[in-house]
Number of protein chains: 2
Amino acid sequence: MKLSDGVEWGVHACVLLAVLPADAALPAARLAEYHGVPSAYLAKHLQALARADVLETVKGPRGGYRLSRPATEITVLDVVEAIDGHEPAFRCTEIRRRGPSAAPVRDYRMPCGINRVFSGADDAWRAALAATTIADLVVGVVQDAPRAALDKAGRWLNDAIR
Amino acid sequence: MKLSDGVEWGVHACVLLAVLPADAALPAARLAEYHGVPSAYLAKHLQALARADVLETVKGPRGGYRLSRPATEITVLDVVEAIDGHEPAFRCTEIRRRGPSAAPVRDYRMPCGINRVFSGADDAWRAALAATTIADLVVGVVQDAPRAALDKAGRWLNDAIR
DNA sequence: GGAGTGATACTCGGATATCTGGTGTCCGAGTTTTCGCGG
DNA sequence: CCGCGAAAACTCGGACACCAGATATCCGAGTATCACTCC
């Protein structure tokens with residue numbers, strides 16, 4: 001089980017977009033350049049984020065992507081589900097109903113116990129991701145990142161949205 | 001992000017093996033027949049479980065697989081990690097250290113904040129899976145499964161380990 | 001009848017093909033800007 | 001100098017190849033069983 005690399009990129013992109021001045025936007029090419037990732041492929045994931053109403057797009061020159069909501073109202077889970085989909089990691093195939101000891105389908109009232117365990121784990125995973133917002137991550141980055149990196153990032157941003 | 005189908009099969013197989021009489025074993029072919037899954041492919045996952053010391057193997061006629069420990073001491077997480085590996089779903093590629101605003105590596109003391117969030121979610125997921133043992137699942141199956149299915153399963157088992 | 005021995009049948013184990021989904025890329029549709037021109 | 005308009009440049013958006021890992025399978029290695037033979 002592995003999470004798509006695009007998820008990591010998407011979260012980082014949202015964090016960067018969160019510190020943009022209001023009404024500014026950043027093109028996919030700039031976001032890719034900033035993070036050192038393939039531009040075209042990052043664009044694919046940004047489109048997914050736009051479809052999920054996490055980002056909104058501005059077309060034409062001076063256009064690009066920006067957050068569609070305040071960073072305090074976008075959770076990490078929102079980003080993950082936008083890119084990775086809403087499917088749970090575990091998909092019960094109801095194999096208990098197969099094989100030589102199966103009973104008629106209508107006799108299985110409760111969901112499979114194994115399914116319940118995995119669903120619970122999935123809920124815990126999602127709850128943990130939903131507890132953190134993009135705004136929280138911004139605070140963390142500002143606290144943890146080296147001063148020099150923050151300065152460089154600020155200058156780069158000013159130049160990018162010029 | 002999707003969990004391998006083999007994980008589901010492995011858990012079901014362990015549940016069935018948990019109700020075997022002591023010192024009996026069940027071949028991979030029988031386990032596959034019981035669950036209605038491809039025999040050779042299930043065998044692959046059973047081998048992984050054996051390598052992880054969840055199952056032990058008995059070679060030769062009347063041989064097969066059986067639990068290597070009491071079912072109360074095998075958690076669902078043990079089975080999942082044996083088949084799916086110990087890698088966390090999210091692997092931080094440290095993209096914060098790349099791009100035009102990067103700083104020297106030694107300046108990044110703390111793990112990336114994004115990484116911390118996903119690690120926490122992963123821990124919650126694992127904790128939820130570790131909270132349930134195979135023995136617990138057996139109890140659940142006995143409670144939930146239709147009476148007819150349990151009877152059929154009992155007869156089938158007696159015939160299989162004959 | 002009992003023990004030894006060889007053959008046998010059955011099991012796991014790892015090495016080997018196939019295929020779906022993630023990875024990576026490209027060019028077309030649409031819009032804002034901007035430059036030029038006329039008033 | 002100001003307003004209008006057309007061209008242009010820049011952006012997103014979805015459609016198209018490629019590749020790794022999961023899926024599925026097979027045959028060889030090893031061992032307990034069993035039958036047979038000999039004592």
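Lettering follows sequence order; numbering is per chain, from 1. Keep in mind it's a predicted model, so treat the numbers as computed, not measured.
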**OP:** Could you please spell out the steps behind the side-chain hydrogen bond (donor to acceptor under 3.5 Å, both in side chains) verdict for B/S119 and B/D122?
**Re:** CA-CA 5 Å; B/S119 294; B/D122 231 82; over 6 Å; no
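- Taking only side-chain nitrogens and oxygens, B/Y65 comes nearer than 4.0 Å to OP1 or OP2 of C/dG13.
- Judged by closest nucleotide on DNA chain C, A/S4 is the one of A/S4 and A/A43 placed further toward the 5' end.
- Residue-level contact check: A/R51 touches the backbone only, with heavy atoms under 4.0 Å from sugar-phosphate atoms and none from bases.
- Whole-Å rounding puts the A/K59 NZ to C/dA29 C1' distance at 6 Å.
- Under the 3.5 Å distance criterion, with hydrogens and angles disregarded, a donor-acceptor pair is assigned to the side chains of A/E8 and B/T93.
- If you take CD of B/E87 and P of D/dG21, they are 11 Å apart, rounded to a whole angstrom.
- The side chain to side chain donor-acceptor pair (under 3.5 Å) with A/E94 is formed by just one residue from the set A/R96, A/R98, A/R91; it is A/R96.
- For C/dT23, the OP1/OP2 oxygens have a side-chain nitrogen or oxygen of A/Y41 closer than 4.0 Å.
- Distance CD (A/E56) to C1' (D/dT11): 15 Å, rounded to an integer number of Å.
- Distance B/Q47 CD to D/dC27 C1': 13 Å, rounded to the nearest Å.
- Closest-nucleotide positions on DNA chain C for A/P61 and B/K2 were compared, and the one nearer the 5' end corresponds to B/K2.
- A/A29 comes within 4.0 angstrom of nothing in the nucleic acid, heavy atoms only.
- Counting non-hydrogen atoms of other residues, nucleotides and ligands closer than 6.0 Å to CZ of A/R126 gives a total above 12.
- To the nearest angstrom, P of D/dA32 lies 19 Å from CD1 of B/I161.
- Straight-line distance from the CZ atom of A/R30 to the C1' atom of D/dT11: 12 Å, rounded to whole Å.
- Heavy-atom contacts from other residues, nucleotides or ligands closer than 6.0 Å to CD of A/E56 number more than 12.
- For B/W9, taking side-chain heavy atoms from C-beta onward, the closest of the listed nucleotides D/dT31, D/dA24, D/dT25 is D/dA24.
- Of the listed nucleotides (C/dT23, C/dT33, C/dG13), C/dT33 has the atom at the smallest distance from the side chain of A/R62.
- Within 4.0 Å of A/A28, counting heavy atoms only, lie sugar-phosphate atoms of the nucleic acid but no base atom.
- For the pair A/L55 CG and D/dT11 P, the computed distance is 16 Å after rounding to whole Å.
- At C/dT11, none of the side-chain N or O atoms of B/T57 fall inside 4.0 Å of OP1 or OP2 (strictly under the cut-off).
- Atom CE of B/M1 is separated from atom C1' of D/dA22 by 16 Å (rounded to the nearest Å).
- When the nucleotides C/dG24, C/dT11, C/dC26 are ranked by their closest atom to the side chain of A/K44, C/dG24 comes out on top.
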